[in-house]
*Asks:* 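Take a look at the following structure, please.
These values consider heavy atoms only, across backbone and side chains, with no hydrogens, waters or symmetry-generated copies.
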Amino acid sequence: MREIKRIACVGAGYVGGPTMSVIAQKNPTITITVVDLNQSRIDAWNDPDLNNLPIYEPGLDAVVGEARGRNLFFSTDVDKAIAEADMIFISVNTPTKTYGKGKGQAADLKYIELCARQIARVAKDDKIVVEKSTLPVRTAATLKSILDNTGNGVNFHILSNPEFLAEGTAIPDLHHPDRVLIGGEDAGAIEALVQIYEAWVPRERILTTNLWSSELSKLVANAFLAQRVSSINAISELCEVTGANVDEVSRAIGYDSRIGPKFLKASVGFGGSCFQKDILNLVYIARSYNLTAVADYWEQVILLNDHQKERFAQHIIKTMYNTVNGKKIVFLGWAFKKDTNDTRESAAIYVADHLLEEEAEIVVYDPKVSAEQIYRDLDYLGTRSPSENRRLLTVVSDPYEALAEAHAVAILTEWDEFKHYDWSNVKDKMKKPSFVFDGRKILNRKELEDLGFQYYAIGE
């Protein structure tokens, strides 16, 4: 088995950056270089002020601070990192296709192929290539075909090592993983990666499979988690019309050891980079094999999630006398979940889009998401012009400034700070009647109603 002395990771995003930082922290004798063509992103990773890292994850700054400059490096020199590495992690973006066959469902693998071709062009000695991006089943075969046919007589061993991180808890997830999954066909290559993780992960938690099982397991894990969210959200709508309370239902069924309590919190809907993308990928794969019933089953998870976001927006409109035109509605939160600045597929984007169609005046406050990102998210939808988005939606850095003279507040992210606001002061400054629409069920209904708010929470 070849000793791994140098690792390159292509892609300095939400997966590559934190994962390589922890691997470097736990393997101080291995030199790790994370490369990306985005100069501003690399500059942020190299910023002396750890508060300016391009990704916000609790604990990430300490890990980077420990390893950076010792055995962890960030660079835009992709060729050099590839040439020197014994092992190369591919951690580039795999978005859902927006064109051609599979549009709206299949994973777009153009960045994966470009990366493979670059590795093939640069490599002059044998390499272990590790899929870290979330990929459709049998992508490894595509990678191997490209590497073997366009390479320089170099032997490439392909491994699949999917990530199972939850944003907001990525560092604890990396430090104490439920499992590490490694799929491959070459025993020596598999063992080389196993030994890197064994620096801190117990051997019994490192699972090895064939390539195809590893690739599929990532999609299935996210599909099962998202299914639980959509399931309880479907029940939340039933609770609202029957007089049941979804929190009480969740608690009751969560005590069943066969079900368990996790991912049973009703909300305005799931977001993030993985759940929707991976389920759509699973749907596409099933359809490509003519497994119509399987595809329809998993697609319903996405349809229910979309329904929940639209239902929340429509409830706001209906409650506010069937019109929000010209009314100031404050969004507390834009990130898809707390403790991250990631906004990909955030429910806030789609709820805002529905309300902006009704000419609502939205003011957004999020403690970690920039105004530029918020406008970028809305512009990407293409529903209206960028100038219209900026006319109707304002981003502020002070929550109390946002809430002054507001007709309503909608909580779209479960940031802890929202629980501790002076809601009595907020009530005094809002227009009357004052509405609170709690899309994350984090506030105290009795406390707010005693203050005179008209309060709505999903599933009650």
Side-chain angles (χ1 to χ4, degrees), residues 2 4-48 50 52-55 57 60-61 63-95 108-135 139 143 146-147 150-152 154 156-163 165 170 174 189 192-193 196 273 342:
R2 181 178 179 180
I4 304 300
K5 296 180 179 179
R6 288 182 173 272
I7 292 175
C9 176
V10 183
Y14 280 91
V15 175
T19 302
M20 292 302 113
S21 297
V22 170
I23 289 178
Q25 178 193 37
K26 300 297 186 180
N27 292 271
T29 62
I30 299 177
T31 299
I32 297 176
T33 304
V34 183
V35 290
D36 199 294
L37 295 177
N38 187 326
Q39 183 68 60
S40 63
R41 179 180 292 172
I42 292 299
D43 289 344
W45 279 112
N46 285 322
D47 196 308
L50 292 169
N52 294 330
L53 295 178
I55 293 168
E57 276 290 336
L60 176 60
D61 53 351
V63 174
V64 172
E66 178 183 339
R68 192 176 64 186
R70 180 191 69 190
N71 66 318
L72 175 65
F73 303 91
F74 297 91
S75 171
T76 56
D77 194 342
V78 181
D79 283 3
K80 182 174 185 291
I82 290 172
E84 294 177 349
D86 306 305
M87 178 179 285
I88 303 165
F89 284 78
I90 297 178
S91 190
V92 298
N93 194 20
T94 54
D108 191 339
L109 300 181
K110 65 181 178 182
Y111 301 114
I112 293 289
E113 181 171 341
L114 288 170
C115 185
R117 291 187 182 280
Q118 187 167 10
I119 293 170
R121 174 176 57 80
V122 172
K124 297 296 187 292
D125 56 2
D126 294 356
K127 309 285 186 187
I128 297 172
V129 178
V130 183
E131 300 174 338
K132 198 65 184 169
S133 305
T134 301
L135 300 167
T139 300
L143 277 176
I146 293 170
L147 292 170
T150 61
N152 304 312
V154 172
F156 294 101
H157 297 298
I158 313 297
L159 300 179
S160 169
N161 177 218
E163 55 86 15
L165 308 179
L174 285 162
L193 186 52
I196 289 169
S273 64
D342 192 353

*Asks:* Within this structure, what is the CG-CG distance for the pair L50 and D61, rounded to the nearest 0.5 Å?
*Replies:*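 One gets 6.0 Å once the value is rounded to the nearest 0.5 Å.
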*Asks:* Just by modelled atom types, is the V122 backbone N or O under 3.5 Å from a matching donor or acceptor in the K124 side chain?
*Replies:*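 Yes, K124 side chain to V122 backbone: donor-acceptor pair under 3.5 Å.
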*Asks:* If I compare all heavy atoms of L147 with all of A116, which pair ends up nearest, and what's the gap?
*Replies:*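 Of all heavy-atom pairs spanning L147 and A116, the closest is CD2-O, 3.4 Å.
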*Asks:* What distance separates Q39 CD from N46 CG, expressed to the nearest 0.5 Å?
*Replies:*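 Answer rounded to 0.5 Å: 9.0 Å.
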*Asks:* Take L143 and I90 through the test side chain to side chain contact (heavy atoms under 4.5 Å, CB included) and record every step on the way to the result.
*Replies:* CA-CA 11 Å; L143 277 176; I90 297 178; 4.0 Å; yes
*Asks:* Does A67 offer a backbone N or O that forms a donor-acceptor pair with the side chain of Q25 under 3.5 Å?
*Replies:*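 No.
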*Asks:* Partners of D77 by salt bridge (charged side-chain N to carboxylate O under 4.0 Å, His left out), sequence neighbours excluded?
*Replies:*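 Partners of D77 under the salt bridge (charged side-chain N to carboxylate O under 4.0 Å, His left out) test: none.
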*Asks:* With side chains defined as the heavy atoms from C-beta onward, is the minimum distance between I23 and L72 less than 4.5 Å?
*Replies:*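 No; the side chains remain at least 4.5 Å from each other.
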*Asks:* Could you report the tightest heavy-atom contact between K127 and A85, atom names first, then the distance?
*Replies:*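 Shortest heavy-atom contact: NZ-O, 2.6 Å.
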*Asks:* Hey, are the side chains of V10 and I88 touching, using non-hydrogen atoms and a 4.5 Å cut-off?
*Replies:*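 In contact.
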*Asks:* So how far is it from E57 CD to L165 CG, rounded to the nearest 0.5 Å?
*Replies:*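 Spacing of CD (E57) from CG (L165) equals 8.0 Å.
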*Asks:* Which heavy atom of E131 sits nearest to which heavy atom of S160, and what is that distance?
*Replies:*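 Scanning both residues completely, I find the closest heavy atoms to be OE1-CB, 3.5 Å.
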*Asks:* Would you say I196 and K26 make side-chain contact, with heavy atoms under 4.5 Å?
*Replies:*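 A side-chain contact is absent here, since even the closest heavy-atom pair is not under 4.5 Å.
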*Asks:* What pair of heavy atoms forms the shortest contact from L60 to P18, and how long is it?
*Replies:*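 Between these two residues, the closest heavy atoms are CD1-CA, 3.9 Å.
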*Asks:* Holding to side chain to side chain contact (heavy atoms under 4.5 Å, CB included), I want the full list of residues that pass it with D86, two or more places apart in sequence or in another chain.
*Replies:*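 Scan of D86 (side chain to side chain contact (heavy atoms under 4.5 Å, CB included), adjacent residues dropped) gives R2, I4, K5, R6.
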*Asks:* Out of the candidates L114, L37, I112, only one should pair with V92 under the side-chain contact (heavy atoms from CB on, under 4.5 Å) rule; please name it.
*Replies:*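 Answer after filtering L114, L37, I112: I112.
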*Asks:* Does the side chain to side chain contact (heavy atoms under 4.5 Å, CB included) test come out yes or no for I7 and T33, once each step is laid out?
*Replies:* CA-CA 6 Å; I7 292 175; T33 304; over 6 Å; no
*Asks:* Please, which pairs that meet ring pair (Phe, Tyr, Trp, His ring centres under 6.0 Å) have at least one residue in residues 24-47, sequence neighbours excluded?
*Replies:*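 Output for this query lists W45-F74.
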*Asks:* Would you compute the distance between atom CZ of R68 and atom CD1 of I32 and round it to the nearest 0.5 angstrom?
*Replies:*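 Taking CZ in R68 and CD1 in I32, the distance rounds to 15.0 Å.
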*Asks:* Write down the atom of F156, the atom of A120, and the distance for their closest heavy-atom approach.
*Replies:*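 Taking F156 first and A120 second, the nearest heavy atoms are CZ-CA, 4.3 Å.
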*Asks:* Give me the atom names and distance for the closest heavy-atom approach of A189 to L159.
*Replies:*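 In terms of heavy atoms, the two residues are closest at O-CD1, 3.4 Å.
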*Asks:* Can you tell if the side chain of T19 reaches within under 4.5 Å of the side chain of S91, non-hydrogen atoms only?
*Replies:*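 T19 does not reach S91 side chain to side chain.
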*Asks:* One pair to check against side chain to side chain contact (heavy atoms under 4.5 Å, CB included): V78 and I82. What are the steps and the verdict?
*Replies:* CA-CA 6 Å; V78 181; I82 290 172; 3.6 Å; yes
*Asks:* Looking at residues at least two apart in the chain, or sitting in another chain, which of them share a side chain to side chain contact (heavy atoms under 4.5 Å, CB included) with N161?
*Replies:*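 So N161 forms a side chain to side chain contact (heavy atoms under 4.5 Å, CB included) with F89, V130, K132, V180, I182, L193, Y197.
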*Asks:* Heavy-atom count around K80 NZ within 6.0 Å, excluding the residue itself: above 12?
*Replies:*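 No, not enclosed.
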*Asks:* When you measure from the side chain of N71 to the backbone of I30, do you find a donor-acceptor pair of N or O atoms at a distance under 3.5 Å?
*Replies:*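 Yes, because the side chain of N71 sits within donor-acceptor range (under 3.5 Å) of the backbone of I30.
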*Asks:* Determine, stepwise, if the pair I119 / I146 fulfils side chain to side chain contact (heavy atoms under 4.5 Å, CB included).
*Replies:* CA-CA 10 Å; I119 293 170; I146 293 170; over 6 Å; no
*Asks:* Strictly by ring pair (Phe, Tyr, Trp, His ring centres under 6.0 Å), give each pair with a member in residues 13-35 just once, sequence neighbours left out.
*Replies:*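 Sorted result for residues 13-35: empty, none.
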*Asks:* Listed by chain and number, what are the salt bridge (charged side-chain N to carboxylate O under 4.0 Å, His left out) partners of R41, not counting sequence neighbours?
*Replies:*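 Salt bridge (charged side-chain N to carboxylate O under 4.0 Å, His left out) list for R41, sorted by chain: D36.
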*Asks:* With F73 as reference, evaluate V35, I42, T31, V34 under the side-chain contact (heavy atoms from CB on, under 4.5 Å) test and give the passing residue.
*Replies:*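 It is T31; the other options fail the test.
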